[in-house]
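Right, one structure below, let's go through it.
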Amino acid sequence: MTALELFDKKQKAQRITTSSKNLDNLLGGGIETQAMTEFIGEYGTGKSQICMQLCITAQQPPEQGGLGGKILFIDTEGTFSPQRINEISKLRGLDPKKILENIIYARCYNSDHQLLIVDRAYKVVEEEKIKLIIVDSLISHFRGEYVGREMLSERQQKLNQHVHKLLRLAELYNCAVIITNQIQSNPQAFFGDPNRPAGGNIVAHASTHRLYIRKGKANTRVIHVIDSPYLPEAEARFAITQMGIEDVEEK
Ligand code: GTP
Ligand code: MG
């Protein structure tokens, strides 16, 4: 394509609200289509909660910050909770049945299965008019199956294929891709932070925006842009409440 065609294509990128204004601002307006956004954090930092919230907001009409589209949710850990979606939808005055109906759920049992689901996703995304693809979490199966140094290069090769297929989906169908990732401790690091996102350079380079979440006081969370082609390295706060993701109430 010409650079002009590329320019026009990029102009068509859309955004999905996270339902926290502060977080949306940090992201330059929300979760972007034609891009892969990665949420990184320890257990309980709210990665899955953000994913479930976005399953709802992505379905809202554009005037309410959504894309009026369906969602493909690839669940590798079995933590997706339709009850939680039901609860948040109700509290937000939405019809939970409609919301749940528009989420295509795929439970994924191992890394080969994960790759297979994404291969099949091309058809589903096109037919079902999916606007958001979520992989929660990206790495868990790969980490569990490819253990030890000898297997690392094979793991990284597979992971590389996987993330690039996801990116291709985002570009081809103008949809947003969200992946979640865990923290891995590196005992060999003598300097700096010994904790780093799992998946190494492959995942780091494939993700368009990398966001790091840590726990704040009570139900608040602090989220930090650690890598992005244009977002400043700033941070924002949000809260996890019964209603899902919200701004922190300022006293
Ligand atoms: P891992 O998948 O284990 O790495 O964690 P995660 O980052 O996906 O965490 P998750 O999104 O599951 O967040 C769990 C946290 O969300 C809990 O510790 C609670 O603090 C919070 N949470 C979940 N449901 C509710 C709720 O109904 N109300 C409130 N206030 N908080 C909730
Ligand atoms: Mg989770």
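Atom set for the values below is all heavy atoms of this structure, side chains included, hydrogens, waters and symmetry mates excluded. FYI, the numbering just counts along the sequence from 1. Each ligand, and each atom within it, is numbered from 1 in the order the structure gives. Quick caveat: nothing in here was measured; it's all calculated off a predicted structure.
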Check your understanding: Taking both backbone and side chain into account, is any N, O or S atom of Tyr43 nearer than 2.8 Å to the Mg ion (ligand 2)?
Key -> no

Check your understanding: For atom 18 (O) of ligand 1, which candidate among Ala239, Ser137, Gly44, Ser140 provides the closest heavy atom?
Key -> Gly44

Review point. Among protein heavy atoms, which lies nearest atom 2 (O) of ligand 1, and at what distance?
Key: Glu77 OE1, 3.7 Å

Practice item. Step by step, work out the side chain to side chain donor-acceptor pair (under 3.5 Å) result for Tyr146 and Lys158. Key: CA-CA 10 Å; Tyr146 296 86; Lys158 285 251 170 94; 3.1 Å; yes

**Study point:** Non-hydrogen side-chain atoms of Arg237 and Ile223 separated by less than 4.5 Å
**Key:** no

**Study point:** Tyr43 neighbourhood, listing ligand 1 atoms whose heavy-atom distance to it stays under 4.0 Å
**Key:** 1 (P), 3 (O), 4 (O), 5 (O)

Exercise for review: Check if Asn219 has a non-hydrogen atom at a distance under 4.0 Å from any atom of ligand 1.
Suggested key: no

Review point. How close does the nearest protein non-hydrogen atom get to atom 4 (O) of ligand 1, and which residue and atom is it?
Key: Lys47 NZ, 2.8 Å

Check your understanding: Heavy-atom distance under 4.5 Å between the side chains of Ile133 and Ile71, does that happen here?
Key -> no

Point to revise | Lys165 atom NZ: more than 12 heavy-atom contacts under 6.0 Å | key: yes

Practice item. Kindly assign one of parallel, tilted or perpendicular to the pair Phe80 and Phe73, based on the angle between their ring planes and the thresholds 30° and 60°. Key: tilted

Point to revise | Residue Arg221 vicinity, atoms of ligand 1 by number, heavy atom under 4.0 Å | key: 20 (O)

**Study point:** Phe39-His209 aromatic ring centre distance below 6.0 Å
**Key:** no

Practice item. Work out whether the distance between some heavy atom of Glu42 and some atom of ligand 1 is less than 4.0 Å. Key: yes

Study note, to complete from the structure: Here the atoms of ligand 1 under 4.0 Å from any heavy atom belonging to Gln242 are 28 (N), 30 (N)

Practice item. Pick out which of Ser48, Ser140, Ser137 makes a side chain to side chain contact (heavy atoms under 4.5 Å, CB included) with Thr180. Key: Ser137

Review point. Is Gln49 in polar range of ligand 1, meaning some N or O pair under 3.5 Å apart?
Key: yes

**Study point:** Enumerated ligand 1 atoms positioned under 4.0 Å from heavy atoms of Ile240
**Key:** 16 (O), 21 (C), 22 (N), 29 (C), 30 (N), 31 (N), 32 (C)

Study note, to complete from the structure: Ranked by distance from atom 27 (O) of ligand 1, the top protein heavy atom is Arg84 NH1, 3.2 Å

Check your understanding: When rounded to the nearest 0.5 angstrom, what is the spacing between CG in Asn219 and CD in Glu249?
Key -> 9.0 Å

**Study point:** Element-labelled atoms of ligand 1 that are located less than 4.0 Å from some non-hydrogen atom of Gly46
**Key:** 6 (P), 7 (O), 9 (O), 10 (P), 11 (O), 13 (O)

Revision key, fill the gap. From the list Ile202, Leu115, Ile117, side chain to side chain contact (heavy atoms under 4.5 Å, CB included) with His162 holds only for Leu115

Practice item. Distance to 0.1 Å, residue and atom name: give those for the protein heavy atom nearest to atom 12 (O) of ligand 1. Key: Ser48 CB, 4.0 Å

